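Just so it is clear, the structure is predicted and the values come from calculations on it, not from any experiment.
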Amino acid sequence: MGSSPEPERIVGVVMAAWLQTSMMVGVVLFTAAAPLGAAEPTAAGLWEQIDDKTGKPESWFKITERNGVYEGALVKIFSKPGEDENWVCDKCEGADRGRPVLGLTLIKGMRRNGLSYENGTIMDPRDGSVYRALMRLSPDGEKLEMRGYLGISLFGRSQVWNRLPDNALTSQGARPAPRGGTAPPQKK
């Protein structure tokens with residue numbers, strides 16, 4: 001009669017096979033569940049333009065992307081005392097002439113190149129001037145440098161805009177709380 005294999009040896013082979021299979025299943029599950037890497041932020045969204053002189057909000061822009069082209073419309077204006085809240089673009093050219101400034105697409109033709117947006121224009125509704133434009137998004141996606149210029153970008157002006165929550169416009173007209181802070185008390 002032949003001798004039978006030792007029970008301990010069989011158990012050892014089975015355990016090794018089970019351990020190897022379990023490790024492979026774990027690796028597959030971990031790899032499938034791991035994030036594929038954070039997506040690079042985009043300029044699409046709601047942005048707040050701050051007045052350089054007063055440090056107060058001047059306007060909000062909604063930047064959208066369609067077929068790789070980014071555009072920005074003016075969606076909220078913080079009028080100063082004595083300013084016409086319903087002003088129209090009298091000095092604009094073409095189809096924008098005489099239209100209300102609120103709702104106008106002022107940023108046009110921007111194309112993404114990593115965190116930079118190039119080859120577009122921005123219009124100043126106060127005088128109808130159209131400038132070449134560049135936008136540069138911060139790596140965390142919370143700041144947007146907007147630069148309008150004539151000829152070469154050296155001859156221009158930059159502003160840094162702050163990202164707002166996407167629901168800021170729909171939050172019953174209330175100004176959103178600063179990030180990381182508390183909301184200012186509501187006036188009654």
Is the side chain of Asn167 donor-acceptor paired with the backbone N or O of Thr170 at a distance under 3.5 Å, no angle test?
no
Please work out which of the three classes, parallel, tilted or perpendicular, describes the rings of Trp161 and Phe61, given edges at 30° and 60°.
parallel
Output the distance between atom CE (Met135) and atom CD (Glu118), rounded to the nearest 0.5 Å.
10.5 Å
Checking side-chain contact (heavy atoms from CB on, under 4.5 Å) for the pair Asn162/Lys143: CA distance, chi angles, key distance, verdict?
CA-CA 5 Å; Asn162 302 310; Lys143 301 279 184 192; 2.5 Å; yes
Within the 4.5 Å heavy-atom criterion, are Pro125 and Leu106 side-chain neighbours or not?
yes
Side chains of Thr42 and Arg112, heavy atoms from C-beta outward: is any pair under 4.5 Å?
yes
Closest non-hydrogen atoms of Ser116 and Arg136, given as atom of the first, atom of the second and distance, are OG-NH1, 3.1 Å
Does a donor on one side chain sit under 3.5 Å from an acceptor on the other, for Gln49 and Gln159?
yes
To the nearest 0.5 Å, atom CG of Leu137 lies from atom CD of Glu142 at 9.0 Å
Report the distance from atom CG of Leu46 to atom NZ of Lys62, rounding to the nearest 0.5 Å.
6.0 Å
Just so I know, are the side chains of Thr121 and Ile107 near enough to count as touching, which here means a heavy-atom distance under 4.5 Å?
no
side-chain contact (heavy atoms from CB on, under 4.5 Å) between Val130 and Ile122: does it pass, once the steps are laid out?
CA-CA 6 Å; Val130 177; Ile122 185 166; over 6 Å; no
Closest non-hydrogen atom pair, Met110 against Gly120:
SD-CA, 3.2 Å
Sub-3.5 Å donor-acceptor pair from the side chain of Arg97 to the main-chain atoms of Asp90, do we have one?
yes
For the atom pair CZ (Phe78) and CD1 (Ile50), what is the distance rounded to the nearest 0.5 Å?
8.5 Å
Flag yes if Tyr131 and Tyr70 sit in one hydrophobic cluster, no otherwise; membership is Ile, Leu, Val, Met, Phe, Trp, Tyr, and two members link when side-chain heavy atoms are under 4.5 Å apart.
yes
For Pro41 versus Leu115, what's the shortest heavy-atom pair and its separation?
CG-CD2, 4.1 Å
Nearest heavy atoms of Asp96 and Met123, plus distance in Å:
OD2-CE, 4.2 Å
For the hydrophobic clusters of this structure (ILVMFWY residues joined by side-chain heavy atoms under 4.5 Å, transitively), does one cluster hold both Leu164 and Val160?
no
Nearest-0.5 Å distance, CD of residue Glu48 to CZ of residue Arg163:
13.0 Å
Assess the side chains of Thr105 and Glu71: does a donor N or O sit below 3.5 Å from an acceptor N or O?
no
Nearest heavy-atom pair of Ala43 and Tyr117: which atoms, and what distance?
N-OH, 2.9 Å
How close do Arg132 and Gly151 get, heavy atom to heavy atom, and via which atoms?
NH1-O, 2.8 Å
Can we say Asp84 and Arg126 salt-bridge, meaning some charged N sits less than 4.0 Å from an Asp/Glu carboxylate O?
no
Carefully, step by step, assess Leu144 and Ile63 under the rule side-chain contact (heavy atoms from CB on, under 4.5 Å).
CA-CA 11 Å; Leu144 181 70; Ile63 297 179; 3.6 Å; yes
Check whether Tyr149 and Met146 end up in the same hydrophobic cluster, where Ile, Leu, Val, Met, Phe, Trp and Tyr are linked by side-chain heavy atoms less than 4.5 Å apart.
no
Does a sphere of radius 6.0 Å around CD in Glu83 hold more than 12 heavy atoms from other residues, nucleotides or ligands, not counting ones at 6.0 Å or beyond?
yes
Under the criterion side-chain contact (heavy atoms from CB on, under 4.5 Å), I'd like the reasoning laid out for Val88 against Arg99: C-alpha separation, chi angles, the key distance, then a yes or no.
CA-CA 5 Å; Val88 296; Arg99 289 187 53 209; over 6 Å; no
Distance check, rounded to the nearest 0.5 Å: Arg157 atom CZ versus Asp124 atom CG?
8.0 Å
